[in-house]
Amino acid sequence: MDLHQLRLLRELGERGSLAAVARALHVSASAVSQQLTALQRRVEVPLTERQGRNLVLTGAGQALARAAVDVSVAMRSAEQAVSQYLQDPSATVSLCAFNSAGLTYFGPLLQDLSGEGSPRLICYDRDVGQEDFPALTADYDLVIAHRLEHSRPWPETITVRPLVREPLDVAMSEKHRLAHAPSVGVADLIAEEWVSVQDGFPLVPALQAIAVHAGQPLNVTHRINEFFIAAAIVSAGPAIALMPRHTAAPPPGSGIVLKPIHDLPLARRVDILCRPEAMHRTAVLQVIAALRRSSQLRRTSAEPAMP
């Protein structure tokens with residue numbers, strides 16, 4: 001049954017006439033009558049009857065009007081529950097990230113949000129292609145996603161909060177012939193063996209851009225999605241790979257160095273994705289703020305902060 005129609009029935013029982021109901025709700029008497037007629041069509045017994053010039057409730061109408069009070073109370077309780085949920089800073093927030101972002105942010109984020117009154121964070125890792133990140137917002141409150149800087153933007157139906165612009169460098173063994181150069185050019189990389197990622201993942205177009213710039217395909221010998229496995233391959237032999245400067249930088253002592261490509265700057269965007277309604281939750285906003293603090297603290301370059 002329509003809640004507005006139930007309210008009108010209740011008002012009729014309490015105010016005694018269509019005219020009184022219309023005046024109280026600032027509508028016409030005919031509009032009230034039409035809504036009550038529509039409600040009557042949903043019920044098998046009469047809800048109102050004429051007593052002289054007034055329309056009054058029958059016994060069934062009075063029973064339904066009393067039920068309307070219960071419905072009104074329940075709806076108000078539901079509204080308050082939703083309001084409390086939206087405003088609760090300690091509510092549970094589910095956060096999903098691709099692997100290297102999870103390794104970068106989950107630990108610091110859990111420490112940052114460990115205090116009393118902070119959101120209860122539940123973390124998940126998902127290794128998906130670039131086109132599949134937006135769909136994850138149906139299953140998680142927040143999704144840390146990445147895409148190449150000049151690739152197609154995220155769908156307009158998804159709320160996006162930028163986290164970091166991350167340059168892509170060439171990772172190579174510290175024993176590589178180019179290891180001591182301050183930067184490399186595309187021409188330096190043509191004959192090298194490469195570690196790539198699986199098709200559909202964000203770094204594939206970046207490697208394709210290098211190939212286009214070089215005028216010939218790259219010699220891809222390994223396909224590894226996990227950057228830290230790729231780093232193990234790079235440190236062990238002649239192969240090189242593209243790696244993000246912040247979220248997958250090899251640790252000191254790994255035997256790997258990162259070199260920017262001076263004639264073909266490449267970068268990816270790491271963003272926080274969510275459904276628009278998630279932005280009404282205080283706990284979600286707190287997690288986003290904590291993520292952006294963590295991202296800012298981890299910057300190792302002089303790039304300007306994202307807006």
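Numbering of residues begins at 1 and proceeds along the displayed sequence.
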Exercise for the section: Linking directly or through intermediates, with side-chain heavy atoms under 4.5 Å: list the remaining ILVMFWY members grouped with Val82, chain and number order. Expected result: Tyr85, Leu86
Practice task
Examine the side chains of Gln130 and Ser151 and answer whether a donor and an acceptor come within less than 3.5 Å of each other.
Solution key: yes
Practice task
Could you tell me whether Arg293 and Asp112 make a salt bridge, using a distance below 4.0 angstrom between a side-chain N and a carboxylate O?
Solution key: yes
Practice task
Inspect the contact between Glu149 and Arg165 and indicate whether a charged nitrogen and a carboxylate oxygen are less than 4.0 angstrom apart.
Solution key: yes
Exercise for the section: Count the heavy atoms of every other residue, nucleotide or ligand shown that sit under 6.0 Å from CD of Glu277, and state whether that count exceeds 12. Expected result: yes
Problem - Ion pair check, Asp141 and Arg275, cut-off under 4.0 Å - result: no
Cut-off 3.5 Å, no hydrogens considered: what does the side-chain donor-acceptor table look like for residues 22-32, sequence neighbours left out?
unit_1: Ser28; atom_1: OG; unit_2: Ser30; atom_2: OG; d: 3.1
unit_1: Ser28; atom_1: OG; unit_2: Ala31; atom_2: N; d: 3.1

With a 3.5 Å cut-off and sequence neighbours excluded, list the donor-acceptor pairs that the side chains of residues 207-215 form with protein atoms.
none

Problem - Partners passing side-chain contact (heavy atoms from CB on, under 4.5 Å) against Arg50 (at least two apart in sequence or in another chain) - result: Leu55
Completion exercise
Joining Ile, Leu, Val, Met, Phe, Trp and Tyr whenever any side-chain heavy atoms lie under 4.5 Å apart, the cluster holding Ile224 also takes in Val195, Ile229, Ile233, Val234, Ile256
Fill in the blank from the handout: Taken in chain and number order and not counting sequence neighbours, the residues that satisfy salt bridge (Lys or Arg N to Asp or Glu O under 4.0 Å) with Arg76 are Glu79
Exercise for the section: State whether Arg245 and Asp169 are salt-bridged, where the test is any N-O pair (Lys NZ or Arg NE/NH1/NH2 against Asp/Glu carboxylate O) under 4.0 Å. Expected result: yes
Problem - Sequence-distant partners of Glu226, salt bridge (Lys or Arg N to Asp or Glu O under 4.0 Å), two or more places apart - result: none
Practice task
Check salt bridge (Lys or Arg N to Asp or Glu O under 4.0 Å) between Arg147 and all other residues, then give those that pass, not counting sequence neighbours.
Solution key: none
Practice task
Could you list all the ring-ring contact (aromatic ring centres under 6.0 Å, His included) pairs where at least one residue sits in residues 109-150, not counting sequence neighbours?
Solution key: Phe98-His146, Tyr124-Tyr140, Phe133-His146
Problem - Under 3.5 Å donor-acceptor, Arg223 side chain and Val197 backbone - result: yes
Handout entry: Polar side-chain atom of Asn54 near backbone of Val56 as donor-acceptor pair, under 3.5 Å
Key = no
Exercise for the section: Without swapping roles, check the side chain of Lys259 against the backbone of Ala181 for a donor-acceptor pair under 3.5 Å. Expected result: yes
Handout entry: Candidate list Leu264, Leu148, Ile261, test side chain to side chain contact (heavy atoms under 4.5 Å, CB included), partner Leu168, passing option
Key = Leu148
Fill in the blank from the handout: Residue set satisfying salt bridge (Lys or Arg N to Asp or Glu O under 4.0 Å) with Arg120, at least two apart, ordered chain then number -> none
Contacts table for residues 57-74: side-chain donor-acceptor under 3.5 angstrom, sequence neighbours left out:
unit_1: Thr58; atom_1: OG1; unit_2: Pro46; atom_2: O; d: 2.6
unit_1: Thr58; atom_1: OG1; unit_2: Leu47; atom_2: O; d: 3.3
unit_1: Thr58; atom_1: OG1; unit_2: Ala60; atom_2: N; d: 3.4
unit_1: Thr58; atom_1: OG1; unit_2: Gly61; atom_2: N; d: 3.1

Handout entry: Residues forming a ring-ring contact (aromatic ring centres under 6.0 Å, His included) with Phe227, sequence neighbours excluded
Key = none
Handout entry: Glu166 bridged to Arg269 by N-O distance under 4.0 Å
Key = no
Handout entry: Arg281, CZ: over 12 other non-hydrogen atoms inside 6.0 angstrom
Key = yes
